[in-house]
Amino acid sequence: RAVGPLIKILEEDPDKYIRHNAAYYLGEYKDQRAVKPLIRALEDQEERVRTYATTALGKLGDESAEKALFSVLKDSEKHVRDSAAEALKRLGVSEDAIKRGRPIGSGHIRERIRKLAQKSRSNDYTTQNEAIYELGDMSNSRAVDVLIEIMQTSSDRGARSSAAHNLGKAGSPFDPRAVEPLIRAL
């Protein structure tokens, strides 16, 4: 219910503090209707609005925001650039692509998640755990799917436990698809 009014506030309110709060809460509600208005807010004249919009887009985890977030890496304000880089990481964009300021080939987010999924099945505990934690840091629904799969199918108790822990972070705020697998794990 609150998403519609928050979008209207983000797009129309003259008070920059009200707009940046609207951007913040749109990220917390994790409603995909907010993606396009938040992308438009990346062009707001106020640094804080742009910063909160980039953070919100990272939380929403929608890959359609990727191109706009890459363009914000050139913003004149460091806080905005840093926030855009963090949002891109949450989407699953590699550090290398962020440093270059452009994606590395099409489908790179899917490829990154696929590689992390492979690493999460490693026999090496450190490699496995790092991959699972990296998946947990993403807001991407594909990362949530991989964590659910690990939790449900891995024969390694530590991997299952780590995946369960990281489901609480992936897709943050909490992805409702994780509820049933977590309950079954109890």
Side-chain angles (χ1 to χ4, degrees), residues 1-95 97-98 101-103 107-110 112-113 133-148 165-182:
R1 293 181 95 147
V3 173
L6 285 171
I7 290 171
K8 184 174 173 76
I9 289 167
L10 178 66
E11 295 181 327
E12 298 176 8
D13 200 288
D15 188 318
K16 65 183 176 184
Y17 298 107
I18 302 295
R19 289 195 315 278
H20 89 244
N21 280 322
Y24 170 82
Y25 284 108
L26 286 169
E28 294 300 306
Y29 282 113
K30 196 172 176 139
D31 187 310
Q32 296 305 305
R33 292 177 294 169
V35 173
K36 288 182 182 177
L38 286 165
I39 289 172
R40 287 190 295 272
L42 297 176
E43 297 179 17
D44 195 286
Q45 64 185 1
E46 295 297 329
E47 171 190 354
R48 269 187 127 161
V49 175
R50 295 192 311 274
T51 301
Y52 279 90
T54 58
T55 301
L57 287 166
K59 288 179 178 181
L60 289 169
D62 191 305
E63 292 176 24
S64 68
E66 179 185 0
K67 182 178 178 183
L69 287 167
F70 266 108
S71 70
V72 176
L73 291 175
K74 299 172 188 146
D75 195 279
S76 61
E77 299 295 333
K78 183 177 180 351
H79 291 295
V80 179
R81 293 190 308 269
D82 291 347
S83 182
E86 191 59 39
L88 286 163
K89 284 183 208 171
R90 289 185 64 105
L91 290 178
V93 174
S94 71
E95 290 277 344
I98 293 168
R102 59 182 161 70
H108 66 279
I109 293 174
R110 282 189 274 304
R112 181 155 174 77
I113 291 171
Y133 273 87
E134 196 166 336
L135 286 162
D137 286 338
M138 293 180 182
S139 291
N140 190 296
S141 65
R142 288 186 187 97
V144 172
D145 293 338
V146 171
L147 290 168
I148 290 171
H165 170 77
N166 280 280
L167 272 171
K169 296 185 333 183
S172 185
F174 192 76
D175 190 314
R177 293 174 303 140
V179 173
E180 191 63 34
L182 285 169

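- One finds the CG atom of Asp75 at 9.0 Å from the OG1 atom of Thr54 (value rounded to the nearest 0.5 Å).
- Inter-residue side-chain proximity for Asn166 and Tyr133 is flagged as met; some heavy-atom pair is nearer than 4.5 Å.
- Across all non-hydrogen atoms, the minimal contact from Tyr29 to Leu6 is CE1-CD1, 3.5 Å.
- To the nearest 0.5 Å, atom CG of residue Leu167 and atom CG of residue Leu135 are 10.0 Å apart.
- Remark: the backbone N or O of Ile9 is not paired with any side-chain donor or acceptor of Arg19 at under 3.5 angstrom.
- Counting only heavy atoms from C-beta outward, the side chains of Asp145 and Ile113 never approach each other to under 4.5 Å.
- For residues 72-94, no residue pair satisfies the ring-ring contact (aromatic ring centres under 6.0 Å, His included) rule, not counting sequence neighbours.
- The CD atom of Glu86 sits 8.0 Å away from the CD1 atom of Ile98 when rounded to the nearest 0.5 Å.
- Ring geometry, His20 versus Tyr52: the interplanar angle falls under 30°, so the pair is classed parallel (tilted spans 30 to 60°).
- Contact of the Asp31 side chain with the Leu26 side chain is not registered, since no non-hydrogen atoms from C-beta on lie closer than 4.5 Å.
- When all heavy atoms of Ala65 and Ile39 are compared, the closest pair comes out as CA-CD1, 3.8 Å.
- Looking at every heavy atom in both residues, Ala87 comes nearest to Leu69 through CB-CD1, 3.9 Å.
- Glu43 CD: 12 or fewer foreign heavy atoms inside a 6.0 Å radius.
- Taking CD of Glu11 as the reference point, atom CZ of Arg40 lies at 4.5 Å (rounded to 0.5 Å).
- Residues Asp44 and Glu46 come closest through the heavy atom pair OD1-N, 2.8 Å.
- Remark: the backbone N or O of Gln45 is paired with a side-chain donor or acceptor of Arg50 at under 3.5 angstrom.
- In this structure, the separation between NZ on Lys59 and NZ on Lys30 is 10.5 Å, given to the nearest 0.5 Å.
- Ala23 and Leu10 make their closest contact through CB-CD1, 3.9 Å (heavy atoms, listed as atom of the first residue, atom of the second, distance).
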